[in-house]
Structures are given as C-alpha cells and as structure tokens.
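Inspection log for the structure reproduced underneath, given as structure tokens.
By convention in this document, chain letters (A, B, ...) are assigned in the order of the sequence lines, proteins followed by strands, and residues within each chain are numbered from 1.
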Amino acid sequence: MPFFARPPDLATQPKPTVLINARLIDPDSGRDEPGGVLIEDGRILDLGTQFRRNAPSGYEVIDCQGHVLAPGLIDMQVFTGEPGAEHRETLHTASRAAAAGGVTTMIVMPDTKPVIDQVALVDFTLRRARDNAIVHIHPMAAMTMGLAGDEMTEIGLLKRAGAIAFSNGKHSVMNTRVMHQVLQYSRDFDALIAHFAEDANLAGAGSMNAGELATRLGLSGVPKEAETIILDRDLRLVQLTGARYHAPTLSCAESVTAIQRARAAGLKVTCGVSINHLALNENDVVPYRTFYKVRPPLRGEDDRAAMVRAVQNGDIDVIVSSHDPQDADTKRRPFAEAADGAVGLETMLSAAVRLHLNGDADLKVLLRAMTSGPADLLGLEGGRLLKGAVADLVVFDPQAPWVVNREDLSSRSKNSPFDEHKMQGRVLRTLVAGHTVYSYARTNDLNP
Amino acid sequence: MTDFLTDGEHAFSDCHLLTCEKLTAPQINSLLDAADMAAELSRRGEPHTPYLAGKTLINLFFEASTRTQSSFELAAKRLGGDVLNMNVSTSSVQKGETLIDTAMTLNAMRPDIIVVRHHAAGAVQLLSEKVDCSVVNAGDGAHQHPTQALLDALTIRREKGRVGGLTVAICGDIKHSRVARSNIDVLNALGANVRIIAPSTLMPSAPDRLGVTAFTDMWEGVKDADVVMMLRLQVERMGGTFVPSQREYFHVFGLDHDKLSHAKPDALIMHPGPMNRGVEIASTVADHPRSVIQEQVEMGVAIRMAVLASVARAPKSGDGALKNTPRY
C-alpha cells in the first residue's frame, strides 16, 4: 500500500533530510548527474555529487537507489469538484492524486459551482487547500463573471487575493469586445490570461474531431478551425493590447504555427498542450469510448505527432494533465451526450516518460514543460533544483513498467483514458516543501 | 410450412445487428435470400415457421417512428413472437432515467430481442453491451439503420436481379443520414457503384474516404444511374442554417422529371419514407411507375423477419447471469 501524508503534516517543520544516490535531473539548467539533495526547513540547502554516497550526520537519509530525482511537477490545468461537485473530486482527493503522480503544485480551474469569480471564493479555495491538500494549490480565477463571457471580473482584487492567473475555463469568450477589454485591463495588473480557444458556434454540438471517423461514427465533428479562428482573433487582440496571453490546450499543428508567428512578431504569448493530445489520437475514440472524449477533441495522428515535435522544439511551453474528473452519471452515456474530460494527474509523468522511451522527445524537454516552464509563466518558485529553492521534489524510476488500473487511482473519479494501458515510469516518492507526501513504498527503501 | 432460414458457413449468424460496417457480401446475401423467401410466403398467404414462438421482443423507440416500429412488430408477430412496445414518451426515460438504467431494467425482464431506436449515435451499441439478449439497431442518430439498408438492397435485387455493378445515386441530407451511411456500407459490400449527392452544407466531412463519388450537382450525380435513392430532409434543417429554403432545395436537389430524365430510362426511384412531397421529391415522381417506394415497405417486413429469426437462433454470448455491474 502506498503511503500518503495527512494534510496537517505540512504545517509542521519537516525533519532535515538528505536524498542520496539519485540521478539528479534539473531540466532548466540541463543538469543530469549522479548526486543527492540536502533539505532543511523545507528548502534545498545544498545539492550535488558530494551527496551521491555520503549522508551528513543528523539527517534522515533516503536512498534513491539510482532513480531520477527531479523538481516536483507543476500542473497548470486541473479541474476539481470543489466547491459544488465534491462527489467527483475535492481539493483533498485531487491533491492525493497529484502527489501520487509527482505533481507538487496544481493550478485549479474556476469551473466550479459557484464559479471562482469573487475574492471570497479565491479565499475559500486557498483556505480549503491549506487545510486539506497535501500539495501546493493555486486557483485560477474566472476572467468573466460566471464564465458567461459578458462581464469582466475584479481582476485586480482577485489577483491580490491569490488568483495566479485568469481563465474562462472550458468556455471561450465569444464576444470580441469583451475579450479586448479583458486583455486591455489585465495588462494594468500584469495578469496572465489563459484562454481556451474554441469557437462555440463553429464547434456547435460537435463531440469529436471532424473528419472521416466522425462521419463514419455519425457524430458531429469539431473542426480544427474552431480553435484556430479564436486563437488568431486573440493573437490580434494581444498585438493590439500588449497583454500577457497563454493558450492553455492547443490541439493542432496550425495553432502552433500561429503561436510561432506571434512570437516572431514579439508578442508575449505562450502555449500549452494536454498530455492526452501528446499520447492519444482520434482513433482511440472508436467505438464511442467516452473516456477519450475530451476538449479540444483528440485529433488525428499527424496532429498528435506535430504536437510532440512542438514540445521537443520548444514551441510549446507547458504540458498539463487537464485532469477533469467525471463520474458514471456523466460518462456512461451515448458519446454525444457524455461529458468531456479525463483524469490525468496520476498518469501525466508516466505518459510523458513513455514518449521519451519511444524516442519521440527528450526527457529533460518534457520535464521542463512540467516544471520550470509553468513556474516561469506563473511566477512560482519551484520547478528547479537550486540551492535555496523550495524542496518540492519527485523521485521516479523511468524504467519501471506498470499497468494502469483505474480502480487503483487515488482520484475520486476513475475516468482515465489510460486505463489498462501499459506504462513505463513510476513515481516512487513525492516531497512537498521537504515533507514526504507520497511514497510508493512505506519505508525509506524505495523499492517496494 | 417452409423454412426461410438456411444454414451456410458464411451466413449471417451474429446475435446482434448493430451496424452494416462489417457485414460481408455472403452475410448480406444470406439475409436477402431469407427475406426474399419470407416475402414470397407472405404474398402467398402461407404460414411462416414460428421462429419466435415463445420469445419476447421489446420495441424500445426513443424517437417516434410509426412505420419502422410497426414493421418490426408485424415481422415478429408473423413469426409467432410476443411484442411489447415501450412508449418512451410516457416512460421513466422522461423522468431522467439514463439509457443504461433503462437497458438494465428491461434486461431484468429477460426479453429475447430488443429493437432500439435512439437519437444518439452509438447508443444502441452501448445498450447492447449492458444486456444479455439480442439487440437490433432500428436507427442510432446519424450512425446506422441496418434493416433499412438491407431492405433497400433487397428491393433493388428483386427489381434488377442483382446489386453488384449497378450505379446507385443517394441524394439529400447525407450528413445527418443513418440511412445513407448504412446504404453506403451495404451497397459497397455488394459491389455497387455508389454516388452521393448533396449541397456542401449537407455533405459529411471526408466523403472521399467512404468509397463513394460525391456530387454537389444533382443533374450530374444522377446521370446514367440505375437507382435514384432520395432521402428525407428534416423540416428543422430547411430554415436557413443548412439550406436557405424549401423552394430552393426542391429546385436544385428535389427529384423531378427533368433530373430523373438524366438517369437510365429504367432507373428505380426509392425513398425510405416518410416523404416530403414537393421538397425532396415531386409528387408525380413519387407515384411514378418506376417508383418502388411501396415495395420498400413490403420488403421492410420481410427483411425484419429474416433478421429477427436469424438473431433469435444465434447463440448468446452471455452465461445467463444478469449484467448488473456495468463498466463505464
């Protein structure tokens, strides 16, 4: 049985700890060498090859047995059910799933009931996270009231209350004037606008990628242009306003090209992709498998491969799990009527490692998009192995094979598209601010 | 009594009929042969072998359909089966019961066959995974309507003596049509040349990948066709979103004598019904001597007899235990 820390432990001072005999990977600096990390007061006191074999006295010793020690992952897009749909996921259960997946910081989305569009709700989320979660949690606040796309939220006050960025959740702002105002106003507070791009009218009732498969299955399709049209519009508005803009979950090569062009023109734009769009494609949907119904929809193999290349080239800054818990009531339905979304906190790292082992991308590049990439974008500490940095760490064995069994997932919802998939790469231990919050084995011996 | 089902190594022998996508020519022909004989027996007024004696069929129609439902009911009754029609509009489905719950409730009543029509593509397959009895798809969204395609093939075969090598032009709302998808599968399996004709707004994406030739010009599309198959245009699609008006649609895509004159002189005129006279088909063309629309209805009963008899005798996959722990 794996071990999970209980939330109040985080408030106590962690024991001085040394992790020895590790393969240190710091994706930002490119460091990849044998060594260890010394932790005191929840921070990295020192690190390097000197701790490969030697543990200074007075420290609790964790032998990493040659496995990878990397900065804990930062997941920039996590949907939970708190408040409003706690039967699907709470901040507590999501944080356990995160810890089991090596994620030490998660950004939770404002798509809750009620929507996180008020200062009091940001405060609520932060307090609930403090009392119940075992990893760091920062909320993204809504950029429009109720995510309706009509009225701007109090971006200044929300940011001061702790909103790390602003999003319209799973909905695009279709009113160009409102979007213009939000981008203009957000610039005054240097707020990051992370806007999901999908033309609601063009996407219509579409439930999968438009094309041959959708036609054969008799399902209404969502064309790629639903994404690129809104993305192109937004990029023009960014040019007009100079706002900080992030496209959180792109799905096709044309969108990456649009981002490249905007960057070449000097715009402050970044983009992300969900692990689902790197690991899966539209063929997985056949026949009507609702666990593969996500938004944007899974595209064809050409686009999947293009997204992986774009991560490898550095055109994509961030990989997210887009963790979206759904239960039987919302998933066990005819495909067009089933909810979008897939849980992913626990499988993101393994799915990324599998891409690496397939030779599709470098491990360091993949890790960067899940550590220092989002840290820089969000202005978070963490995401790096540096002296003085917060000791948010993950130890994983990139070779360990395992098979996903959704019943074993820590998430309260079991809608994993990777169910029964063969994975490689297992998280062995997760530390948040120096505390072990998850351990695959109960002892300091990392091999179960 | 004459048996119309025959045994053949390659004959259709599945316990469900959910889709035409994987049907082979021998499987299709075995069903057409059986239905052909069943139709002749019915015409002669001879009694049928009671293939469904002691068996129960449930008609579960989430979308209203008078003709398909009655056709299945009549087919089952001619074979000695008991039929229960679920009136969905007054059932618990309206109270928010999910499809799966409905399926499991019906399953617990232990019917032998459930015939399902549902407005969502894939719904019938989903239901079939949760029950122990045979399931026949009577139409799922824009996906499939297998018995319609089979009855169309039978009608063509009876009139023309063959299906292979014929040019069949399917015209109308291809995008939303399960009839078109099923017909494309069946006609291709039997070796016909299939054309589809529609305005671009009613054409599905990637039509070139379906093994058909696509036309947006109807005069061109029906040229030298052996069969012109018209599809119903739903009223809600006429209001300016897919086509601007009924008037324009009829002018450009309605089957009138002028367009028909471009097809072969002995071309068959088909329509799955119910027809919108004056929208997709001119009234006089619908009643044309070469129109086989009434025969399609007759063959519908015959095909459904063949399908029901066939699935009823197929071995079931289940072990008899009720499936009360569904995966999702």
Where A121(B) and G218(A) come nearest, the two heavy atoms and their spacing: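 Where A121(B) meets G218(A) most closely, the heavy atoms are CB-O, 3.5 Å.
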Smallest separation among heavy atoms of P334(A) and A120(B), with atom names: CB-CB, 3.4 Å
Test side-chain contact (heavy atoms from CB on, under 4.5 Å) applied to M203(B) and T215(A), step by step: CA-CA 10 Å; M203(B) 193 68 93; T215(A) 295; over 6 Å; no
Leading residue by heavy atom contact count with chain A [cutoff under 4.5 Å; candidates A142(B), P204(B), P207(B)]: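 If we count pairs closer than 4.5 Å to chain A, A142(B) comes out on top.
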Greatest number of heavy atom pairs closer than 4.5 Å to chain A - which of G122(B), G141(B), A206(B): G122(B)
With a 4.5 angstrom heavy-atom cut-off, is it the side chain or the backbone of [X] that approaches chain A, or both, or neither?
X: R209(B); result: both
X: H119(B); result: side chain
X: L126(B); result: side chain
X: Q144(B); result: neither

R181(B) side-chain N/O to L217(A) backbone N/O, donor-acceptor pair under 3.5 Å: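 No, the answer is negative, given that no donor and acceptor are paired below the 3.5 Å cut-off.
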Nearest-0.5 Å distance that lies between atom CZ in R333(A) and atom CD1 in I100(B): 9.5 Å
Region of R216(A) in contact with chain B, defined by heavy-atom distances below 4.5 Å: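 For R216(A), heavy atoms of backbone and side chain both lie under 4.5 Å from chain B.
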Side chain, backbone, both or neither of E212(A) within contact of chain B (heavy atoms, under 4.5 Å): both
